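A quick note: this is a predicted structure, and the numbers were derived from the prediction, not measured. In this chain, numbering begins with 1 at the start of the sequence shown.
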Amino acid sequence: QVQLVESGGGLVQAGGSLRLSCTASRIPFSLYAVGWYRQAAGKQRELVARISAGGNSNYADSVKGRFTISRDNAKNTLYLQMDSLNAEDTAIYYCNANRYALGPQFDYWGQGTQVTVSS
């Protein structure tokens, strides 16, 4: 019954910007660490950025300085602001929420949203 729904993906030109959103339901959102992962064609899923329940964030080296992760606990929503996009950012982006202190089963994923950067 836990649900994570991403939105905001689409087609953008290289150098452009996009903002992804992920809205969670049926979890105590503020108590979860949340993050964005992506999977490009032919590659494994990788961490893009994450933000802890306490608000601490970290980024993959490939996006550091270009992407910004944030959360709005009042709206149960996670964001990813993506600037200076390039073709290597093309992937399906997935929202994740986890609370491993309760057990490894407290780990949830959204359905993904496609980001395509034209070149």
Side-chain angles (χ1 to χ4, degrees):
Q1 293 183 314
V2 172
Q3 191 170 33
L4 303 176
V5 180
E6 300 98 333
S7 62
L11 176 64
V12 65
Q13 294 183 355
S17 297
L18 213 56
R19 191 192 197 200
L20 305 183
S21 298
C22 170
T23 299
S25 61
R26 303 188 71 83
I27 60 168
F29 181 78
S30 64
L31 302 181
Y32 277 67
V34 287
W36 292 96
Y37 292 72
R38 68 186 181 187
Q39 187 167 22
K43 296 185 177 180
Q44 295 187 27
R45 187 174 299 186
E46 65 175 350
L47 174 69
V48 178
R50 62 162 64 112
I51 184 166
S52 72
N56 298 314
S57 60
N58 63 283
Y59 300 86
D61 288 342
S62 60
V63 308
K64 195 171 185 178
R66 300 188 297 120
F67 291 9
T68 303
I69 190 169
S70 61
R71 64 191 298 167
D72 186 338
N73 289 336
K75 296 181 178 180
N76 289 350
T77 300
L78 172 70
Y79 302 99
L80 185 67
Q81 178 66 44
M82 305 186 294
D83 298 320
S84 301
L85 287 162
N86 57 59
E88 288 69 48
D89 297 316
T90 295
I92 301 173
Y93 284 70
Y94 297 91
C95 176
N96 170 262
N98 67 77
R99 192 180 178 191
Y100 293 133
L102 297 182
Q105 69 270 38
F106 293 86
D107 188 2
Y108 307 105
W109 294 88
Q111 82 290 344
T113 185
Q114 177 71 47
V115 171
T116 302
V117 184
S118 64
S119 61

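- A salt bridge (Lys or Arg N to Asp or Glu O under 4.0 Å) check over residues 2-19, counting only residues at least two apart or in different chains, returns nothing.
- Separating the CD1 atom in I69 from the OH atom in Y79 is a distance of 12.5 Å, to the nearest 0.5 Å.
- The two atoms that bring S17 and V12 nearest to each other are O-CG2, 3.8 Å, heavy atoms only.
- Across L18 and G8, no two heavy atoms sit closer than the pair CG-O, 3.4 Å.
- Atom CG of D107 and atom CG of L102 lie 12.0 Å apart (nearest 0.5 Å).
- Annotation for A40 and T90: closest pair CB-O, 3.6 Å, computed over non-hydrogen atoms.
- Residues A91 and Y93 share a closest heavy-atom pair of O-CD1, 3.4 Å.
- Using a 4.5 Å heavy-atom threshold, the side chains of Q3 and Y108 count as separate.
- Put simply, CZ on F67 and CG on L80 are 6.0 Å apart, with the number rounded to the nearest 0.5 Å.
- When side chains are defined from C-beta on, L4 does not count as touching V34, because their heavy atoms never get closer than 4.5 Å.
- Atom CD of residue E88 and atom OG of residue S119 lie 8.0 Å apart, to the nearest 0.5 angstrom.
- With sequence neighbours excluded, the residues that form a side-chain contact (heavy atoms from CB on, under 4.5 Å) with S62 are R38, A60.
- Evaluation of the salt bridge (Lys or Arg N to Asp or Glu O under 4.0 Å) test over residues 52-73, restricted to residues two or more places apart or in two chains, returns R66-D89.
- The shortest non-hydrogen separation linking Y32 to A97 is CD2-C, 3.8 Å.
- Using a 30° and 60° split on the angle between ring planes, W109 and Y94 fall in the perpendicular class, above 60°.
- To the nearest 0.5 Å, atom CG of residue L20 and atom OG of residue S7 are 8.0 Å apart.
- Going from atom CZ of R45 over to atom CG of N96 covers 8.5 Å, rounded to the nearest 0.5 Å.
- Within 6.0 Å of CD on Q13 lie no more than 12 heavy atoms contributed by other residues, nucleotides or ligands.
- Closest approach of V115 and G9 over heavy atoms only: CG2-CA, 4.2 Å.
- No side-chain donor-acceptor contact under 3.5 Å links T23 and N76.
- Hydrophobic clustering, with ILVMFWY side chains joined whenever heavy atoms are under 4.5 angstrom apart, keeps Y37 apart from L78.
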